[in-house]
S.K.: 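Please find one structure pasted underneath; my questions will follow.
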Amino acid sequence: MVQTICCIGAGYVGGPSMAVMADRCPGLDITVVDLDQQRIAAWNNLGRGSLPVYEPGLEAVLSRVAGRNLRFSTDVAGAIRKADMVFLSVNTPTKRNGHGAGQAADLTYIEKAARQVADEARGSTIVVERSTLPVRTADVLHRIFANAPGARFEVLSNPEFMAEGTAISDLECPDRVLLGGNCESSLDDLQSIYAQWVSPERIIRTNLWSSELAKLTANAFLAQRISSINSIAAVCEQTGADVDQVRQAIGSDSRLGHHFLKPGPGFGGSCFRKDLLNLIYLADHYGLTPVADYWRSVVEMNDWAQQRLARMIVRQLFGTLRDKTIAILGFAFKADTNDTRESPAIAICTELLREGAHLAIHDPCVSEQAVQQALAERQAGSPQAGAGQGSFQVQHRIEAVFDDADAVVLLTDWAEYGELDWSRLAPRMRRPGWVFDTRRGTDLAAARACGLETWAIGSGEQF
Ligand code: NAD
Ligand code: UDX
């Protein structure tokens, strides 16, 4: 019976998922470890408002389990030595250099973690892939463990399907838990943990490769729906149709359903782009060029969705942004998270900066440092780095971004932007003043009543 768990990787998945597991399984002793000392210190700083991950409901769960049966530590080796089961929740970004750069997954972190498990584990150890991995990564792990001196290993795949912003409810009530593996007794051990809070019909068992591929496929299908609706939003704008009416009509078909049909500035987040690229790389690797091209188009549509918004804003503002101030509402890739990875705001802000704009950026949760880092990284990696002369400032008070702004661009669907008091904010702006709503997330009728010109994604009607 499994009693002691080590989770390697204290990020957006490792932290919340182990907190919920510790909460639902008081008999387990769980240690979450990471090489990043600052991150571990922040996890151990509960109650002082500086957790590394912003997630609604997370603090409440942590307050029940931290120090009881959940610990955060930098002692990776020590935690592996004590564990019956090791969860690998490390990052698997897209490779930046060498063969497969820009598409293949960078397995450096998973390999390093596995080698450390091979060196430190004692006795019989079940290793569980929690990171999203290319299909057949379990083969790589088996080969690393085959040379381990002190233990016997079984590798299982248990990909995580939670989304940021709703992680706690997703983890507490998952649509399904997927367990992949070839060893029935190890699968039984892992299933007996989830069975403490997940009903049996929601636990799916498959072979290793189906489990690894199902995770990539789920993200590819979700991303595909967003690219599909964003393509239709552009058609709506040209034809007089309204994307909200179109999605209401098509989502009512029970075969399609209403989820993941909201138009926006394109999908962001650490997963969709990376996992699509991973699938494309896999298809290319097996010579399945039409399959690779099919999924490539989902990524291309997303890039285009972001570029077209930036270009449209420049066009509406008379073709130049020099000496103009643009208020940016939202920098996180979606509401209810502090995560900026692959946020559409990064690409769109970079384009506006290149046109010479001054950006006043507000986000309720993203730190100034995170905005600076995201924009600096993007500009450094861009072939046109330094071309623009724009500048940006992060404002914590939302009123401040409206001061002398020529335009407001809503990029993240934070609920508070739906409640803006336009009668108070609009007078702070210059005229003519614009509001560009890329999420259908604010009251444009109220903004228009205050004399502002408005644009909403997917709306063919001239406001
Ligand atoms: P993250 O970058 O937030 O966290 C990963 C952590 O692993 C980092 O803190 C890093 O320091 C640590 N780490 C890396 N190598 C290590 C090592 N050898 N030893 C100890 N610590 C090490 O990443 P994340 O968002 O939590 O994602 C983790 C995995 O889960 C990825 O494969 C991702 O695709 C997948 N996933 C993410 C989400 C999500 O919403 N973020 C959802 C489902 C699945
Ligand atoms: C995603 C998957 O949903 C989750 O199952 C997986 O485990 C990790 O990747 P996440 O990236 O955290 O989760 O958020 P998600 O809610 O999927 O949103 C991703 C992006 O799509 C965001 O930028 C969001 O704003 C955008 N989106 C989502 C839309 O533009 N329209 C929609 O209808 C839904």
Side-chain angles (χ1 to χ4, degrees), residues 6-18 32-40 42-43 52-53 55 72-77 79-80 86-94 105-117 129-134 137 158-167 170-171 174-175 215-216 218-223 225-230 233 247 251 258-276 278 302 305-306 330 332-337 339-345 411-413 438-441 457:
C6 162
C7 170
I8 306 184
Y12 283 85
V13 168
S17 66
M18 289 300 109
V32 185
V33 292
D34 205 294
L35 299 172
D36 184 337
Q37 294 187 350
Q38 268 186 335
R39 221 168 202 190
I40 291 298
W43 280 113
V53 169
E55 200 58 67
F72 290 93
S73 164
T74 51
D75 181 10
V76 181
I80 295 171
V86 178
F87 286 7
L88 301 177
S89 295
V90 300
N91 39 329
T92 49
T94 306
D106 181 352
L107 295 182
T108 312
Y109 305 97
I110 204 90
E111 187 183 330
K112 276 195 180 147
R115 282 178 188 275
Q116 196 162 13
V117 174
E129 298 174 344
R130 296 279 290 147
S131 304
T132 304
L133 297 166
T137 301
N158 169 218
E160 180 49 62
F161 293 93
M162 52 147 260
E164 288 176 32
T166 51
D170 292 348
L171 289 160
D175 285 349
K215 174 63 199 180
L216 292 183
N219 276 354
F221 273 54
L222 290 167
R225 276 173 77 98
I226 301 169
S227 276
S228 298
I229 199 68
N230 282 338
R247 77 185 172 97
H258 289 285
H259 293 295
F260 269 70
L261 285 179
K262 278 205 76 184
F267 54 77
S270 64
C271 294
F272 282 173
R273 186 183 177 83
K274 153 177 96 63
D275 295 345
L276 277 163
N278 220 320
N302 199 54
Q306 297 175 9
F333 79 96
K334 64 187 276 197
D336 293 324
T337 177
D339 197 349
T340 63
R341 289 177 290 179
E342 299 291 342
S343 176
L411 290 180
T412 310
D413 45 347
T438 73
R439 294 275 192 176
R440 298 283 187 113
I457 193 162

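Atoms considered below: every heavy atom in the structure, side chains included; atoms not considered: hydrogens, waters and symmetry mates. Just follow the structure's listing: the first ligand is 1, and inside any ligand the first atom is 1.
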S.K.: Name the option, out of E164, K274, H258, K262, that contains the heavy atom nearest to atom 31 (N) of ligand 2.
M.R.: K262
S.K.: Give, for atom CG of N278 and atom CZ of R273, the distance between the pair rounded to the nearest 0.5 Å.
M.R.: 13.0 Å
S.K.: Quick test: of every protein heavy atom, which one is nearest to atom 43 (C) of ligand 1, and how far off is it to 0.1 Å?
M.R.: E160 O, 3.2 Å
S.K.: With a cutoff of 4.0 Å, is Q116 in contact with ligand 1, counting heavy atoms of the residue only?
M.R.: no
S.K.: Tell me, do D170 and D175 make a side-chain contact under 4.5 Å, heavy atoms counted?
M.R.: no
S.K.: Pairs of nitrogen or oxygen atoms closer than 3.5 Å, one from D413 and one from ligand 2: do any exist?
M.R.: no
S.K.: List ligand 2 atoms under 4.0 Å from F267, heavy atoms only on the residue side.
M.R.: 20 (C), 21 (O), 23 (O)
S.K.: Report the nearest protein non-hydrogen atom to atom 27 (O) of ligand 1: residue, atom name, distance rounded to 0.1 Å.
M.R.: V13 CG2, 4.1 Å
S.K.: Can you find an N or O of M162 that's nearer than 3.5 Å to an N or O of ligand 2?
M.R.: yes
S.K.: S73 side chain to D75 main-chain N or O, any donor-acceptor pair under 3.5 Å?
M.R.: yes
S.K.: Backbone N or O of P52 within a donor-acceptor pair of the W43 side chain at under 3.5 Å?
M.R.: no
S.K.: What do we get for R341 next to ligand 1 when only non-hydrogen atoms under 4.0 Å count, side chain, backbone, both or neither?
M.R.: side chain
S.K.: Quick one: pull up OG in S228 and CZ in R247 and give me the separation to the nearest 0.5 Å.
M.R.: 14.0 Å
S.K.: Quick one: does K274's side chain get under 4.5 Å of T94's, heavy atoms only?
M.R.: yes
S.K.: Is S270 touching ligand 1 with its side chain, its backbone, both, or neither, if touching means heavy atoms under 4.0 Å apart?
M.R.: side chain
S.K.: Considering the heavy atoms of K215, write down every atom of ligand 2 situated less than 4.0 Å from one of them.
M.R.: 6 (C), 7 (O)
S.K.: Return the OG to CG distance between S227 and N302, rounded to the nearest 0.5 Å.
M.R.: 5.0 Å
S.K.: Starting from the C-alpha separation in whole Å, work towards a yes-or-no answer on side-chain contact (heavy atoms from CB on, under 4.5 Å) for I8 and V117.
M.R.: CA-CA 10 Å; I8 306 184; V117 174; 3.7 Å; yes
S.K.: Going by distance only, is there an N or O of G268 that falls short of 3.5 Å from an N or O of ligand 2?
M.R.: yes
S.K.: Which atoms of ligand 2 have any heavy atom of E160 under 4.0 Å away?
M.R.: 7 (O)
S.K.: If only side-chain N and O atoms count, and only distance matters, is there a donor-acceptor pair under 3.5 Å linking T108 with D106?
M.R.: yes
S.K.: Is I226 in polar range of ligand 2, meaning some N or O pair under 3.5 Å apart?
M.R.: no
S.K.: Please report which non-hydrogen protein atom sits nearest to atom 41 (N) of ligand 1, along with the residue it belongs to and the distance in Å to one decimal place.
M.R.: E164 OE2, 2.8 Å
S.K.: If I apply the N/O under 3.5 Å rule, does F272 come out as touching ligand 2?
M.R.: no
S.K.: Identify the protein heavy atom lying closest to atom 11 (O) of ligand 2, giving its residue, its atom name and the separation to 0.1 Å.
M.R.: F333 CE1, 3.4 Å
S.K.: To which protein heavy atom is atom 1 (P) of ligand 1 closest, and what is the distance rounded to 0.1 Å?
M.R.: R39 NH1, 3.6 Å
S.K.: Considering N91, V117, L35, which one's heavy-atom position lies nearest to atom 19 (N) of ligand 1?
M.R.: L35
S.K.: Is the closest basic N to carboxylate O distance between E164 and R341 below 4.0 Å?
M.R.: yes
S.K.: For the residue pair F333 and D339, establish whether any side-chain heavy-atom pair is separated by less than 4.5 Å.
M.R.: yes
S.K.: Taking G269's backbone N and O only, do any of them form a donor-acceptor pair with K334's side chain (distance below 3.5 Å, no angle check)?
M.R.: no
S.K.: Between A345, G330, C271, flag the one that comes closest to atom 9 (O) of ligand 2 by a heavy atom.
M.R.: C271
S.K.: Decide yes or no for L276 and F267: does some side-chain heavy atom of the first lie under 4.5 Å from some side-chain heavy atom of the second?
M.R.: yes
S.K.: Does any N or O of ligand 1 fall below 3.5 Å from an N or O anywhere on K215, backbone included?
M.R.: no
S.K.: Can you tell me if R439 has a non-hydrogen atom under 4.0 Å from ligand 2?
M.R.: yes
S.K.: Is there a side-chain contact between E129 and P159 in this structure, where contact means two heavy atoms from C-beta onward sitting under 4.5 Å apart?
M.R.: no
S.K.: How far is atom 33 (C) of ligand 1 from its nearest protein heavy atom, and which residue and atom name does that atom have?
M.R.: K274 NZ, 3.9 Å
S.K.: Provide, to 0.1 Å, the distance between atom 31 (C) of ligand 1 and the closest protein heavy atom, together with that atom's residue and name.
M.R.: T92 OG1, 3.5 Å
S.K.: For atom 13 (N) of ligand 1, what's the nearest protein heavy-atom neighbour? Residue, atom name and distance, please.
M.R.: V90 CG1, 3.8 Å
S.K.: What's the shortest distance from atom 15 (P) of ligand 2 to any protein heavy atom, and which residue and atom give it?
M.R.: K334 NZ, 3.6 Å
S.K.: Under 3.5 Å, is there a donor-acceptor pair between the side chain of E55 and the main chain of T166?
M.R.: yes
S.K.: Nearest protein heavy-atom contact for atom 6 (C) of ligand 1: which residue, which atom, what distance?
M.R.: D34 OD2, 3.4 Å
S.K.: When you measure from atom 5 (O) of ligand 2 to every protein heavy atom, which one gives the shortest distance, and what is it?
M.R.: F161 O, 2.7 Å
S.K.: L35 versus V76: any side-chain heavy-atom pair under 4.5 Å?
M.R.: yes
